[in-house]
Amino acid sequence: MDDRPRYDRATAALDPPFAILDLDALRANAADLVRRAAGKPIRVATKSIRSRPVLERILAMDGFRGLMAFTLPEALWLVAEGFTDVLVAYPTADRQAIAALAADPRAVREITLTVDSAEHLDQLDHVLAAVRPRPEIRLCLDVDAGYVALGGKFRAGALRSPVREPEQAADLAAEIAKRPGFRLVGLLAYEAQIAGVGDAPPGNILLARAIRIMQARSARDLILRRGRVVNAVSRLCDLEFVNGGGTGSVERTVREKAVTEVAAGSGFFHPRLFDFYSGFTGRPAALFALPVVRRPAPGTVTVLGGGYVASGPAGPLRLPQPYLPAGLRYAPDEGAGEVQTPLLGEAAYDLRLCDRVWFRHAKAGELCERFATLHLIEGDTLVESVPTYRGEGRTFL
């Protein structure tokens, strides 16, 4: 059955705008991630999901273990809701959340904070100075996994941690070890230049070739450097986990003996930006529908809303993709609008007022910041409607 008719049929009783999650596509994408992980557990990145019931469904599948949260308040809430083994993958400056963590024995057991400098330790010490008895805070050391070449003149990868070399990691691990109230249990190194950059950008063969060369060289560099970092830190503490990778690099990252688990999030929903990878193919699982509210000219329709631009460097690929019916495009002088969006193309001739146009967001979890509910679809049936973080009144960023 074609996707558009079954989505229209499943949601016939709903008035757009609304968002859906295709459960068959979600399960297929999850199974493919597990296949690519080749037996290593996958930690689920919550920022790409942002729906508690959907996280529960994913963790109930084989191959997934633990969560990678994006804020400490989010992690505290998730643990209060029954989740376990939550890594906060970004340093926190939230003093109230740190104090709340220290006051909750279960949260202290289940939550791991990420640090990359002695300054982070100083901040934690300052907030926890008056806490008696002071609990032992679980820590993860974030290591820069970016690729640097040409004597530092070229860099690819996210600007994250200042810790890059084994000696730097060992020094910070030693600093953690000598301070009471901390225990280093994990190491995180996210290769954004591989996991988050598609190697098959549309219409640019030369750029694709350059990306593939960079990614191959970066992967070779990282195998050696990450292994040396893990060895250096392991001399000072017993690491429970070494996390690496993301949706775009799963099969590469799991080959490294030093890595014990990989992270993935976007691969469950397969948003637009993940169409541009040569190594895997996913199924679009999360979509949103907007209603046609105007027909200003032949071959043109206007839908309500639509300006759901993804974070990151500005450009056309950060816009939602008019997906179904196929053949629609943005008006070049308007793009995706705040309250209305004109769409052009052959498909517009057949659209009438109140028809739905189905879109894919450029990224995964940001869709859930726009909608309070995800309507879960199986085949041509709406089986359940579940809240997003927003729908539960939770906005963490």
Side-chain angles (χ1 to χ4, degrees), residues 3-4 6-26 29 44-58 69-71 73-74 77-78 81 265-274 282-293 302-312 318-324 328 330 335-341 343 354-378 380-397:
D3 286 340
R4 185 187 173 204
R6 70 185 181 90
Y7 292 155
D8 285 346
R9 189 174 299 117
T11 61
L14 303 177
D15 288 322
F18 58 77
I20 68 166
L21 180 61
D22 185 332
L23 291 178
D24 292 330
L26 175 74
N29 293 337
V44 182
T46 63
K47 76 178 183 67
S48 300
I49 308 298
R50 303 194 202 198
S51 170
R52 185 173 54 84
V54 176
L55 289 170
E56 290 171 346
R57 282 177 175 263
I58 291 171
F70 53 94
T71 72
E74 177 206 15
W77 174 62
L78 290 171
E81 293 294 331
S266 295
F268 296 102
F269 288 180
H270 196 79
R272 172 64 170 159
L273 284 175
F274 282 78
R283 289 175 55 184
L287 301 94
F288 63 94
L290 301 180
V292 174
V293 292
T302 302
V303 296
L304 181 69
Y308 308 156
V309 181
S311 60
R318 300 288 158 170
L319 299 178
Q321 177 198 20
Y323 181 53
L324 297 172
L328 294 172
Y330 290 113
E338 178 186 6
V339 292
Q340 68 170 34
T341 297
L343 298 170
C354 298
D355 283 352
R356 289 95 181 275
V357 176
W358 295 89
F359 289 78
R360 296 170 63 199
H361 204 283
K363 298 182 78 173
E366 293 180 19
L367 169 67
C368 290
E369 296 298 334
R370 294 285 184 169
F371 295 94
T373 302
L374 284 174
H375 300 286
L376 309 185
I377 307 296
E378 280 193 302
D380 61 354
T381 303
L382 194 161
V383 296
E384 189 179 358
S385 297
V386 301
T388 62
Y389 281 9
R390 175 179 172 176
E392 296 200 68
R394 305 288 175 168
T395 52
F396 296 109
L397 287 177

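Treat the numbers as computed from the prediction; the structure is a model and nothing was measured.
- Residues Arg394 and Glu81 are not paired through a salt bridge, judged by the lack of any N-O separation under 4.0 Å between the basic side chain and the carboxylate.
- Contact of the Glu366 side chain with the Tyr308 side chain is not registered, since no non-hydrogen atoms from C-beta on lie closer than 4.5 Å.
- The NE2 atom of His361 sits 10.5 Å away from atom CZ of Arg318, with the distance rounded to the nearest 0.5 Å.
- A search for side chain to side chain contact (heavy atoms under 4.5 Å, CB included) contacts involving Leu319 returns Val309, Tyr330, Ala336, not counting sequence neighbours.
- In terms of heavy-atom proximity, Leu374 sits nearest to Ser51 at CD1-CB, 4.1 Å.
- Nearest heavy-atom pair, Cys368 versus Arg390, reported as atom, atom and distance to 0.1 Å: O-CB, 3.7 Å.
- Across every non-hydrogen atom of Ala285 and Asn29, the tightest pair is CB-ND2, 4.1 Å.
- A distance-only check finds a donor-acceptor pair linking the side chain of Arg360 to the backbone of Pro271 [under 3.5 Å].
- Aromatic ring pairs are classed by plane angle as parallel below 30°, tilted from 30° to 60° and perpendicular above 60°; the pair Tyr389 and Trp77 is perpendicular.
- We find the NZ-OG distance between Lys47 and Ser266 to be 5.5 Å, quoted to the nearest 0.5 Å.
- Every residue meeting the side chain to side chain contact (heavy atoms under 4.5 Å, CB included) condition with Ala286, not counting sequence neighbours, appears here in chain and number order: Leu21, Phe269, Leu367.
- Residues satisfying the ring-ring contact (aromatic ring centres under 6.0 Å, His included) criterion with Phe359, sequence neighbours excluded, are Phe288.
- Cation-pi contact between Arg50 and Phe70: present, with separation from the ring centre below 6.0 Å and deviation from the ring axis of at most 45°.
- Nearest approach of Val292 to Val357, heavy atoms of both residues: CG2-CG2, 4.1 Å.
- For the pair Arg57/Val386, no side-chain contact is recorded, criterion being any heavy-atom separation below 4.5 Å from C-beta on.
- For Leu290 against Gly306, the heavy-atom pair with the smallest separation is CD1-CA, 3.6 Å.
- In this structure, the side chains of Thr11 and Trp358 come closer than 4.5 Å at one or more pairs of heavy atoms.
- Considering only residues two or more places apart in sequence or on other chains, Phe268 meets the ring-ring contact (aromatic ring centres under 6.0 Å, His included) condition with Phe64.
- The salt bridge (charged side-chain N to carboxylate O under 4.0 Å, His left out) search around Arg283 returns none, not counting sequence neighbours.
- Atom CG of Leu78 is separated from atom CZ of Arg52 by 8.5 Å, given to the nearest 0.5 angstrom.
- Heavy-atom minimum distance, Glu392 versus Pro53: OE2-CD, 4.3 Å.
- Going from atom NZ of Lys363 over to atom OG of Ser48 covers 8.0 Å, rounded to the nearest 0.5 Å.
- In this structure, Tyr323 has no ring-ring contact (aromatic ring centres under 6.0 Å, His included) partners at least two apart in sequence or on a different chain.
- Between Leu376 and the options Leu23, Leu382, Ile20, Leu26, a side chain to side chain contact (heavy atoms under 4.5 Å, CB included) holds for only Leu23.
- Partner of Arg6 under the side-chain hydrogen bond (donor to acceptor under 3.5 Å, both in side chains) criterion, chosen from Thr381, Asp380, Asp22: Asp22.
- Val293 has its side chain out of reach of Gln340: every pair of non-hydrogen atoms, C-beta onward, lies at least 4.5 Å apart.
- Pro17 is listed as a side-chain neighbour of Leu304, based on a closest heavy-atom distance under 4.5 Å.
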